[in-house]
Amino acid sequence: MHTVKRTINGKELSIETGRFAKLADGAVMVRYGDSMVLVTAVAAQDARPDIDFMPLTCDYREKQASSGKIPGGFFRREGRPTTKEILSSRLIDRPLRPMFSKYWRFETQIIASVYSYDLQNETDVLAAIGASAALSISNIPFNGPISEVRVGRIDGELIINPTHDQIKDSDLEILVAGSDSSIVMVEGASKEISENDFITAMDFAHTWIRELNGLQRELAQIVNPVKREPVSAEPPADIVQAIDSAIAEKFRTQIRIASSKDQRSTLRSEIKQLAADAVAAVVAANAETYSDIKPEKIISAVVKSIEAREMREMILADGKRLDGRSTTDIRPIQCDVGVLPRPHGSALFTRGETQSLTTVTLGTKRDQQLIDGLMPTYEIRYMLHYNFPPFSTGEAGRFGFTSRRETGHGDLAERALEPFIPSEEEFPYTIRVVSDILESNGSSSMATVCAGSLALYHAGVPMKKPVAGIAMGLIMEGDRVAILSDILGDEDFLGDMDFKVTGTEQGITACQMDIKIEGLSVSVMQRALEQARVGRLHILSIMNQTMAKPNSELSAFAPKLTTIQIPVEMIGAVIGPGGEMIRSIVKETGAEVDIDDDGTVTIAAIDQASGDAAIARIREITRPLELGAVYSGKVKEIREGLGAFVEILPKKQALLHISQLEHRRVANVSEILKVGDVIDVKLIEIQPDGKVRVSRKALIPPPEGVEYVEESVHGPRAGRPQHGDRGPRGHRDSEQRGRRDSEQRGPRDSESRGPRDSESRGNRDSEHKGHRDSEHRGHRDSETGGNKDSEAKEHGETPAQSHRDRGPQEQRDRKPTGQSEGSETQVRGDNGGNAESGGKANSNDEDYYLG
């Protein structure tokens, strides 16, 4: 077992081999903090002579157990690679591929597995370092090492391999991979940094790349592997000479005539036929020597090399390109918006023979994408998807799945536009941008950025600035250098660099660079960035001519979002038991309703009426109870002798006491009301615990000749005991339960207010405290206070009324009058209570409040 270590940004980075996966050709465990990645490298023993490319496969996979999580979903195990895993796999593949011999034809597989993640130190750069280290200690030929680092910047200070929290505060996040002599890959995003800041970040990254490359060499020297020799695949010299003689002059002449992609495709077919005829003549003349040769493989490789040679020479010598442009010219651009009637936003961006049709869809909070990776599960509200169908290049091919290339290009365009997507507070929509590439000859990802910016403007998304992108190329032969603006597909394929830069007029927002050569100087990169800036400004000017600012109104087909705030304590009332209330709102109004923990409610509706209806329902539910207010409520329950329960607000019921039904004495509640009736009532009392009482009588004009004095409303009274706190009353005698004289009704002295004896407090024996028999629950004798006489039965008086000494008959028949000075104003009708109780029912009947 061998381990090498370095301190990076205050933390130890170690590479260990010899303990894990010992049967692989190369295996290392890379650790940084508590993040650990195992990377293995294996190459097949037999070559594949039937292919003409380097068969390299790189896979990066995250084990959710590494961060202490169990995967979601039905199977509870890792499924297909996530977007993060696909992008990380590309970050390994792209810098490694140029480091292999062009003749290596053995299947080679790199697998990086995350086994520990500390939620702070990112594992993608560790996987790339581990891949290079595993190849370096294996027997696989590899022209490395290479290393990869992440660069951040906080308050102007560059940071190597920043933590997850530091990345959030950084205005720059760039991944850089390179050898000792050159940068071979760049991928990242930034908040409008300048070209000079970009170069400074590259230099800073390269310093640490060399340090990590030295660490890998130290490990390789310890292991001291014996490398396999790649099988040479150089074609026979006489065949190469025959092809060159047959096609070089024709090709040299034709490429100097400005041509389209289709014209060059036709020329290439003619060239290949000439090459095939030349090879057939050589093989026929040497049948015995070339009996086992496969001419088609040789022809393809040799024609490609001659084509590259002639094209590169034309650009370097004449400054002229395949389509007739100079090195700085940008192809003609056409911008159109609103080309599709039903999507919420649409744009068609055409640059030369590259075309993107991009749509924008606005959704609600429910449309946000759930991300379940190593980090705690979270949601994103902005996403960009890129599709590259085979017809875009004039070819037939597999269709219907998202390739790694599509995922990578879509991610680049997504990050380019992201700094200018408005926050959820400013624009509470979920935003999905979809780019469909209809034609491709040049950078379609950069066309996606331009079309995406225009489509967002057309959709009415309040972006602060437009964003454009351009792809730069490079041709380098010795000291001769040509930097190409807006490269063609052939120039990407046959050139030395593909450098995509996106941004605004003020600076860079995203970049992606792949370099196929070693030794790219800082001065060349500066020239490329400056040329890209000029090209980007040209494209932005054309885009602004089409649409200079976002639409002020959204599409008629976009959901209308309204945000309101409700008290946090009312969230449960709006949701209802098991979500019953919120489901009923959605069903009845057709609007979508989402509630955040802070009480923010977002209502989404296709039409304004639907949204207004949902808002009205929510306002009604969360409306605070107001003393004296009139409510339209539904009768939910009738309880004879007591009254009715009326739902005055959703899930809020109040007692309509029998005494508050009408101005006359009411014997049976069902004579007036039935369950389901909708009536208007006035709120007359709110208890400290939230129980409420309403009156119907207060809203009915009194009979002719009857003087009606409105009962005052009662708010919560501080210090007043609730009925449930009075305790058992026991058997009070008639004197105790009868009407007190004026002396008894006045303030009690300390003796009278002191503790009552057991007799006066009516302590009940076990018989009284248990289940009362019919005699105890029914007719009580006059001595115990509450025996209902025949008159009480005749008038249908309630138990609450029978507990009161109603006094002489003329007193009971008296018309409603006001109270004496200083007392609470109330109604004293036939069913009314005394001044102290304010007309309330007996406490034994007051378990009516549901809050």
Side-chain angles (χ1 to χ4, degrees), residues 569-570 572-574 576-577 580-581 584-585 588 616-702 708 710-717 722-724 796-801 816 826-827 829-833 837-851:
E569 60 270 17
M570 298 302 298
V574 178
E580 175 186 354
M581 179 57 67
S584 70
I585 295 173
E588 293 172 13
R617 285 291 308 277
I618 295 170
R619 292 297 191 197
E620 180 185 8
I621 295 169
T622 58
R623 173 185 172 189
L625 293 173
E626 300 177 23
L627 287 170
V630 177
Y631 295 86
S632 179
K634 179 182 288 188
V635 178
K636 305 295 288 188
E637 179 185 355
I638 291 177
R639 192 175 298 178
E640 293 295 349
L642 177 62
F645 293 105
V646 181
E647 187 177 57
I648 58 174
L649 291 176
K651 303 301 179 182
K652 292 180 182 178
Q653 294 186 14
L655 174 66
L656 174 59
H657 191 262
I658 192 171
S659 65
Q660 296 296 325
L661 286 172
E662 292 191 349
H663 292 283
R664 65 180 179 84
R665 178 184 291 115
V666 176
N668 297 304
V669 179
S670 56
E671 294 177 1
I672 300 174
L673 302 177
K674 64 179 181 296
V675 173
D677 284 351
V678 178
I679 60 174
D680 289 337
V681 292
K682 182 176 182 178
L683 196 154
I684 61 174
E685 183 176 10
I686 301 177
Q687 288 289 325
D689 58 359
K691 300 172 184 177
V692 293
R693 194 164 66 92
V694 295
S695 172
R696 176 175 176 269
K697 179 170 65 176
L699 301 177
I700 301 175
Y708 174 71
E710 183 177 3
E711 180 175 355
S712 77
V713 295
H714 300 279
R717 304 175 189 176
Q722 301 176 29
H723 297 290
E797 293 180 2
T798 67
Q801 294 167 319
Q826 59 177 304
V827 179
D830 289 329
N831 291 332
S837 64
K840 293 190 299 182
N842 184 285
S843 63
N844 291 335
D845 292 323
E846 288 189 342
D847 293 332
Y848 57 84
Y849 299 118
L850 301 183

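Each residue takes its place number in the sequence, starting with 1. These numbers come from the heavy atoms of this one structure, side chains and all, not from hydrogens, waters or symmetry mates.
Side-chain contact between Leu642 and Leu655 is present, with heavy atoms from C-beta onward closer than 4.5 Å. You'll find the side chain of Val646 stays beyond 4.5 Å of the side chain of Leu673, heavy atoms only. Taking 4.5 Å as the limit, every side-chain heavy atom of Lys652 sits out of range of all side-chain heavy atoms of Val692. For the pair Glu662 and Lys697, the minimum side-chain heavy-atom distance is 4.5 Å or more.
For Leu649 against Glu620, the heavy-atom pair with the smallest separation is CD2-O, 3.4 Å. Looking at every heavy atom in both residues, Ala654 comes nearest to Val694 through CB-CG1, 3.7 Å. When every heavy atom of Ile700 is checked against every heavy atom of Leu661, the shortest pair comes out as CD1-O, 3.7 Å. Contact detail for Met581 and Arg617: the closest heavy-atom pair is SD-NH2, 3.5 Å. The shortest non-hydrogen separation linking Val669 to Ala644 is CG1-CB, 4.3 Å.
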Cut-off 3.5 Å, no hydrogens considered: what does the side-chain donor-acceptor table look like for residues 624-633, sequence neighbours left out?
from   : atom 1 : to     : atom 2 : distance (Å)
Tyr631 : OH     : Glu626 : N      : 3.0

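A donor-acceptor contact shorter than 3.5 Å is absent between the side chain of Glu637 and the backbone of Val675.
For Asp680, there are no salt bridge (Lys or Arg N to Asp or Glu O under 4.0 Å) partners at least two apart in sequence or on another chain.
Atom CE of residue Met570 and atom CZ of residue Arg623 lie 12.0 Å apart, to the nearest 0.5 angstrom.
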